[in-house]
Colleague: 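I have a structure here, written as structure tokens, and I will follow up with some questions on it.
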Amino acid sequence: MSALDGNNNILRARDPQIASCFWCLEANPSLMMCLKCGEEIYFCSPDHLKYHLSPDDGQDGPCLPFQIDYAPPVGRFMTATKDIEPGGLIFQELPLVVGPTSQIEGLVCVECFCRCDGSVRCVHCNFPLCSIICPRQRPQRWHQTLECPVLQGQGFRAPDPTFSGIDEKSKTKDDMNGTLRLLTASLLPLRLILLEELENSKSTSSMLVSPMGPLPASSSASTSPRRGPFTFHGDAKDELVPPRRASNGYENGNESGSLSPVVDQAKPSILLDLHERMTRVIQEEFKLGYNEVEIWNCVGKMLTNAKSLEGAGFGSGSGLFERYAMINHSCIPNTKCTINPKNYCLELRARTFIHKGTEITTRYVSFNIGLPDKQVALEGRWHFQCICVRCQDPTELNSFVSALRCEPSLKCGSSNGPPHCDSYLVPMDLGSFWSCLSCQKVLARKKIIKRLGNHSKIIGQTMQQSTRPKYLISLLDELCSDLHPNHYLILEVRYLLMLSLAKEDSSRANCSTLVEITQDLLAITSILDPGPTKTRGIILKHLIPAWRRLAQMELDMKLIPDETFRQRKEMSHKFAKDLISCYK
């Protein structure tokens with residue numbers, strides 16, 4: 001018996017042939033077992049012990065209910081070490097590093113990531129700031145303590161932004177040439193490199209590998225990179241390897257919890273180009289003398305594992321979280337993630353009951369994105385095809401979010417079917433082609449993409465014209481003539497209509513339409529995004545006041561009896577309780 005922490009009641013030596021370290025999966029003679037939590041959890045070092053204990057309470061705190069497992073060809077994944085009730089805490093963690101997102105659309109402050117006009121810049125390196133005191137006000141002081149003194153020592157100064165005037169939509173100036181935006185987006189991987197350099201003396205083992213695979217053949221790198229101390233998904237033992245498939249066909253990345261379209265960065269060619277440009281920026285523009293392979297790896301780790309901070313109110317920012325990076329994707333995940341707006345602390349809780357031994361999953365893309373856009377995003381950025389229960393069901397759990405009408409103007413392919421068909425085409429074989437539920441007519445993926453592209457163009461044109469309710473309602477009528485009423489493009493427009501109606505007058509017609517739309521959105525989110533989620537909470541916040549006003553107006557107009565009004569009032573209380581649970 002030996003005690004890693006000197007208390008004799010937490011750890012003891014164990015046979016390495018029986019199990020391996022719960023975090024790095026390595027077996028060696030110095031493995032120790034946690035006696036505190038009652039589970040057979042083993043560690044290879046004090047550095048890995050910290051991933052098992054609550055970060056706030058240290059070794060006196062509770063043990064966290066997860067471990068890392070491995071199964072070829074899946075790779076590493078996180079599983080529950082005990083039953084976890086809905087709402088139960090799985091872990092909390094502060095980010096290893098944060099920085100501007102790689103998807104910057106304009107100028108942002110390099111410290112807090114909010115949009116800025118470029119008029120205020122760091123006196124030392126000339127990067128944009130929202131105010132001159134922002135780097136000193138933020139408790140973490142990422143810019144002031146990491147890259148700024150290093151870049152200043154190299155004599156580097158960011159270029160002044162070039163402006164084309166004021167963007168009327170965002171009311172901010174825009175950096176048209178993109179140079180400053182690329183430099184700003186490269187700060188997150190640079191911060192990771194600098195942080196690894198600071199921590200490298202404390203840890204000599206690493207499993208870090210770029211998700212984009214080996215460097216191109218033309219690379220001039222000739223020496224091996226230093227091994228970083230931090231663990232992320234996509235890592236390998238000691239060599240660069242192509243991206244792995246993860247659990248159930250998943251690979252790790254970040255989650256988007258809002259209703260939003262797929263970004264162009266999902267396209268492999270664009271992502272690879274961004275990867276190469278960031279690598280060149282850090283090596284050639286910043287001129288810090290780091291090995292090209294090392295830079296390539298850190299950029300790849302950021303692109304694959306960075307968690308968006310936008311939903312937490314941090315503007316265009318992303319963070320790297322070591323525990324969260326170990327979690328694989330599922331379109332119907334069993335967890336929900338929130339980020340504290342004050343200190344970037346990520347909190348992961350169970351959204352459904354998680355049995356001991358079950359894989360813990362999250363979601364990398366918005367729940368309402370359907371095929372083929374979803375597979376394009378997952379394949380382009382995270383290099384896998386999702387084969388979860390939703391993706392393998394042509395109806396996507398009876399949500400039909402990827403279904404289109406079987407073209408009624410064309411004869412169906414089946415000789416046994418009717419001459420015209422008003423049924424729906426649904427995705428088959430993970431969206432390789434679409435087939436009619438009634439007549440079995442087959443439509444190629446390429447044709448589906450073309451039809452959806454036309455609709456996306458119409459949506460964009462309408463958005464430029466106006467987002468007033470009458471325009472959105474007219475747009476919905478047009479889309480429903482070719483798409484299933486639950487199609488993800490229609491869900492996007494319904495969500496916008498919900499937000500638009502909430503700003504209109506509280507007439508009975510507006511309240512009735514708002515109630516109908518929010519109930520439709522709740523029905524879909526209950527299927528695709530179950531549990532008390534932020535999106536559900538947003539919808540409920542718009543439903544409850546409209547529900548109450550409509551009930552009161554119809555009572556006053558004697559359109560409903562007192563009993564019906566009482567029932568609606570009771571239902572509004574249930575909605576309110578549901579809303580509270582979404583923000584716990």
Side-chain angles (χ1 to χ4, degrees), residues 64-66 78 80 82-93 254-260 307-313 321 323-324 327-342 345-355 358-369 388-390 396-399 401 486 488 491 494-495 498-499 502 514-515 517-548 568-584:
L64 300 177
F66 72 86
M78 183 179 288
K82 66 178 183 180
D83 290 345
I84 306 174
E85 296 287 339
L89 178 67
I90 299 174
F91 62 76
Q92 292 176 320
E93 67 172 332
N254 65 41
E255 174 188 7
S256 172
S258 62
L259 294 166
S260 59
K307 174 75 176 74
S308 173
L309 303 176
E310 293 186 29
F321 300 84
R323 291 184 182 91
Y324 188 77
I327 306 176
N328 289 332
H329 166 87
S330 172
C331 293
I332 310 291
N334 52 19
T335 66
K336 69 173 182 177
C337 169
T338 57
I339 299 178
N340 189 312
K342 295 182 179 180
C345 182
L346 181 148
E347 182 177 273
L348 191 76
R349 292 184 178 272
R351 69 164 70 197
T352 58
F353 186 89
I354 303 176
H355 293 277
T358 299
E359 181 177 7
I360 295 172
T361 57
T362 187
R363 183 174 45 231
Y364 299 172
V365 295
S366 179
F367 73 90
N368 72 308
I369 297 177
C388 71
V389 61
R390 171 184 165 182
E396 297 184 70
L397 308 179
N398 290 319
S399 67
V401 292
N486 291 343
Y488 66 93
L491 292 181
R494 281 183 177 173
Y495 189 83
M498 175 190 74
L499 301 178
L514 185 53
V515 166
I517 290 173
T518 51
Q519 287 186 307
D520 288 342
L521 290 173
L522 281 178
I524 295 298
T525 56
S526 296
I527 297 173
L528 302 182
D529 198 31
T533 63
K534 181 180 178 181
T535 302
R536 184 178 183 84
I538 293 173
I539 298 171
L540 285 168
K541 284 177 67 174
H542 289 82
L543 167 62
I544 293 172
W547 177 276
R548 290 174 175 173
R568 291 189 183 181
K569 189 174 181 180
E570 289 179 356
M571 182 58 69
S572 71
H573 293 323
K574 292 181 180 180
F575 288 148
K577 290 181 180 179
D578 192 359
L579 173 62
I580 293 172
S581 68
C582 292
Y583 287 91
K584 281 186 177 179

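Values below: every heavy atom of this structure, side chains too, minus hydrogens, waters and symmetry copies. Small disclaimer: the values here were computed from a predicted structure and weren't measured.
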Colleague: When you compare the side chain of V389 with that of L397, does any pair of heavy atoms fall below 4.5 Å?
Modeller: yes
Colleague: Can you find a heavy atom in the side chain of I327 that is under 4.5 Å from one in the side chain of Y364?
Modeller: no
Colleague: Shortest non-hydrogen contact from I84 to A80?
Modeller: CD1-CB, 4.0 Å
Colleague: List the steps, then state whether side chain to side chain contact (heavy atoms under 4.5 Å, CB included) holds for K534 with T338.
Modeller: CA-CA 9 Å; K534 181 180 178 181; T338 57; over 6 Å; no
Colleague: Quick one: closest heavy-atom pair of F66 and I90, and the distance?
Modeller: CD2-O, 4.2 Å
Colleague: Please list, chain by chain and in numerical order, all residues satisfying ring-ring contact (aromatic ring centres under 6.0 Å, His included) with Y488, sequence neighbours excluded.
Modeller: none
Colleague: Not counting sequence neighbours, which residues clear ring-ring contact (aromatic ring centres under 6.0 Å, His included) with F353? List them please.
Modeller: H355
Colleague: Looking at C345, is its backbone amide N or carbonyl O close enough to the side chain of Q92 to form a donor-acceptor pair, meaning the two atoms are under 3.5 Å apart?
Modeller: no
Colleague: Residues two or more places apart in sequence or in another chain: which of them pass side chain to side chain contact (heavy atoms under 4.5 Å, CB included) with S526?
Modeller: R536
Colleague: Among all residues two or more places apart in sequence or in another chain, which pass the side chain to side chain contact (heavy atoms under 4.5 Å, CB included) test with N334?
Modeller: T352, I354, T358, I360, T361
Colleague: For G87, is there any backbone N or O sitting under 3.5 Å from a side-chain donor or acceptor partner on R349?
Modeller: yes
Colleague: Identify every side-chain donor-acceptor pair in residues 540-547 under 3.5 Å, counting partners at least two apart or on other chains, and give the distances.
Modeller:
| residue | atom | partner | partner atom | Å |
| --- | --- | --- | --- | --- |
| H542 | ND1 | I538 | O | 2.8 |
| W547 | NE1 | R568 | O | 2.8 |

Colleague: For a quick test of reading the model, state the closest non-hydrogen atom pair linking K307 to C337 and the distance between them.
Modeller: CE-SG, 3.8 Å
Colleague: Tell me which one of I539, I517, D578, T535 satisfies side-chain contact (heavy atoms from CB on, under 4.5 Å) with L522.
Modeller: I539
Colleague: Under the side-chain hydrogen bond (donor to acceptor under 3.5 Å, both in side chains) rule, collect the residues that match up with T533, sequence neighbours excluded.
Modeller: D529
